[in-house]
Amino acid sequence: MLLRLPTSVSEAQECMAEGAVPIGGATLIWATWQRDGFPEQAMSLRDLPEANTIGRETLGGAAILNRIDDRVPEALRRAAATVGTGAVRRTATVGGNIVGSTLRCLLPAALVLEARAVVLDPDSVYETDLTEVLAKGHLLLGLRWRGPITSAYRKLPGEAGGPPPLVVAAALHTSDTGGTRLRVAVRDGYDVLTESTEYDNGSGHAQVLDDLRRTGVGALHATAWEAVDELVSDLLSRPTGR
């Protein structure tokens with residue numbers, strides 16, 4: 001297998017056009033290749049600057065999980081820190097986790113940040129929503145979002161060999177009208193649900209939770225709702241949560 005390491009977007013597009021299979025840290029596909037055979041060409045974006053950015057409002061698809069630090073919002077940082085083992089986090093990438101994995105531990109955090117996906121294909125680079133990326137398996141060049149007021153993330157303990165642990169993420173945003181918007185995402189099993197509600201600073205935590213109860217999040221089982229309640233209550237009690 002020939003591993004190609006493009007250093008520019010145009011070179012990466014050339015690799016794609018010539019049939020190179022995109023890989024990240026290969027933590028999810030190596031066993032499959034060993035079983036079914038290796039492709040003639042593979043491509044990693046680890047040397048492509050655009051795919052390795054880490055900042056307040058951007059995160060590259062080739063960024064290694066253990067490199068994600070406090071330059072990004074808390075929800076994404078904590079999500080990356082809970083993926084697998086230390087050995088996995090030293091190899092796994094953002095794109096591999098969101099697009100290549102069935103667990104997608106980073107997805108709830110990306111959704112509450114209202115992140116948009118930057119997609120690379122052989123002919124163009126364009127921005128789209130995460131729903132399209134997941135449905136079509138696009139090559140993720142990176143994520144972009146508007147910085148939230150504050151955010152949070154929690155993964156509940158799971159049992160070895162059991163179902164995926166429950167994940168809850170939340171973020172507060174300044175809305176275009178000058179108000180505040182709360183967005184919540186829950187990974188329950190392999191499904192991820194996201195909802196949002198407007199947050200009136202004078203209405204109190206109880207009203208916000210009551211509003212969430214009327215959404216799809218409120219219809220989840222008791223354990224999920226308790227986790228949402230705790231995370232949202234913590235988020236709204238922060239000084240930066242206004």
Side-chain angles (χ1 to χ4, degrees), residues 55-59 68 70-82 94 98 104-118 126-135 140 142-156 165-242:
R56 182 174 177 270
E57 297 185 334
T58 183
L59 182 61
I68 298 175
D70 59 7
R71 286 173 287 179
V72 305
E74 178 182 326
L76 266 179
R77 183 175 74 251
R78 290 190 180 277
T82 66
V94 172
I98 292 179
R104 296 169 177 156
C105 296
L106 271 62
L107 180 59
L111 289 172
V112 299
L113 294 177
E114 301 179 344
R116 299 277 291 171
V118 182
Y126 63 95
E127 193 172 298
T128 187
D129 60 55
L130 285 167
T131 302
E132 178 182 327
V133 172
L134 299 180
L140 185 68
L143 300 173
R144 291 176 183 164
W145 61 86
R146 290 174 57 186
I149 299 170
T150 187
S151 66
Y153 180 97
R154 183 185 177 197
K155 179 188 285 187
L156 273 62
L166 184 81
V167 167
V168 180
L172 280 175
H173 299 268
T174 300
S175 64
D176 295 336
T177 59
T180 306
R181 181 176 63 262
L182 171 69
R183 182 167 288 277
V184 175
V186 180
R187 186 190 72 189
D188 185 22
Y190 293 96
D191 298 322
V192 178
L193 174 68
T194 182
E195 298 282 0
S196 65
T197 183
E198 293 299 312
Y199 172 45
D200 180 350
N201 296 335
S203 63
H205 300 182
Q207 182 61 56
V208 175
L209 290 167
D210 189 48
D211 291 342
L212 276 177
R213 271 287 196 186
R214 299 189 183 97
T215 70
V217 168
L220 293 171
H221 54 84
T223 300
W225 175 253
E226 182 179 354
V228 170
D229 188 326
E230 291 179 358
L231 191 74
V232 169
S233 295
D234 171 71
L235 194 74
L236 298 182
S237 67
R238 297 178 183 180
T240 52
R242 297 191 298 186

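For the single chain, residues carry numbers from 1 onward in sequence order. A quick note: this is a predicted structure, and the numbers were derived from the prediction, not measured.
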Discussion item. Against R183, only a single residue in E195, H173, E114 fulfils side chain to side chain donor-acceptor pair (under 3.5 Å); can you say which?
Written reply: E114

Discussion item. I'd like to know whether R214 forms a salt bridge (Lys or Arg N to Asp or Glu O under 4.0 Å) with D210, so could you lay out the CA-CA distance, the side-chain angles of the two residues, the decisive distance to 0.1 Å, and finally the verdict.
Written reply: CA-CA 7 Å; R214 299 189 183 97; D210 189 48; 2.8 Å; yes

Discussion item. Can you confirm whether V94 sits close enough to I68 that some side-chain heavy atom of one is under 4.5 Å from a side-chain heavy atom of the other?
Written reply: yes

Worksheet item: Is it true that atom CZ of R144 has more than 12 heavy atoms of other residues, nucleotides or ligands lying nearer than 6.0 Å?
Response: no

Item to complete: Over all heavy atoms of both residues, which pair between E198 and T180 is shortest? Give the atoms and the distance, please.
Response: OE1-O, 3.4 Å

Worksheet item: Is there a side-chain contact between R104 and Y190, using heavy atoms and a 4.5 Å cut-off?
Response: no

Worksheet item: What closest approach, in Å, do A169 and V112 show between heavy atoms, and which atom pair accounts for it?
Response: O-CG1, 3.4 Å

Worksheet entry | Taking every non-hydrogen atom, the tightest pair across L143 and A110 | CD1-CB, 4.2 Å

Discussion item. Could you measure the distance from the OG1 atom of T197 to the CZ atom of R181? Nearest 0.5 Å is fine.
Written reply: 10.5 Å

Practice prompt. Would you mind telling me which of L231, V167, L166, V192 makes a side chain to side chain contact (heavy atoms under 4.5 Å, CB included) with V186?
Written response: L166

Worksheet item: Has the side chain of D129 got a donor or acceptor atom that lies under 3.5 Å from a matching backbone atom of E132?
Response: yes

Fill in: Interatomic spacing from CG in L59 to CZ in R71 - rounded to 0.5 Å
9.5 Å

Practice prompt. Answer yes or no: is there a side-chain heavy-atom contact under 4.5 Å between L130 and L111?
Written response: yes

Worksheet item: Taking C-beta and beyond as the side chain, do S233 and L209 meet within less than 4.5 Å on heavy atoms?
Response: yes

Worksheet item: Is V184 close to S196 at the side-chain level, that is, under 4.5 Å between some pair of heavy atoms?
Response: no

Worksheet entry | CA sep, side-chain torsions, deciding dist, call: R77, Y153, side-chain contact (heavy atoms from CB on, under 4.5 Å) | CA-CA 9 Å; R77 183 175 74 251; Y153 180 97; over 6 Å; no

Practice prompt. Go through the steps for Y126 and V118 under the test side-chain contact (heavy atoms from CB on, under 4.5 Å), then give the verdict.
Written response: CA-CA 6 Å; Y126 63 95; V118 182; over 6 Å; no

Worksheet item: To the nearest 0.5 Å, what is the distance between CG (L106) and CG (L76)?
Response: 6.0 Å

Worksheet item: So which heavy atom on R187 is nearest to which on P108, and how close?
Response: CB-CG, 4.1 Å

Worksheet item: Is W145 reaching over with its side chain to a backbone N or O of R56, donor-acceptor style, under 3.5 angstrom?
Response: yes

Discussion item. I'd like to check L134 versus I98 (side-chain heavy atoms, cut-off strictly below 4.5 Å). Are they in contact?
Written reply: yes

Worksheet item: Okay, side chain of T58, backbone of G55: is any donor-acceptor separation there less than 3.5 Å?
Response: no

Worksheet item: Heavy atoms, side chains only, cut-off 4.5 Å: are L212 and L182 in contact?
Response: yes

Worksheet item: Under the side-chain hydrogen bond (donor to acceptor under 3.5 Å, both in side chains) criterion, do T215 and D211 qualify, and how do the steps go?
Response: CA-CA 7 Å; T215 70; D211 291 342; over 6 Å; no

Worksheet item: Rounded to the nearest 0.5 Å, how far apart are CG of L236 and CD of Q207?
Response: 12.0 Å

Worksheet item: Hey, does R78 have a side-chain heavy atom less than 4.5 Å from the side chain of S151?
Response: no

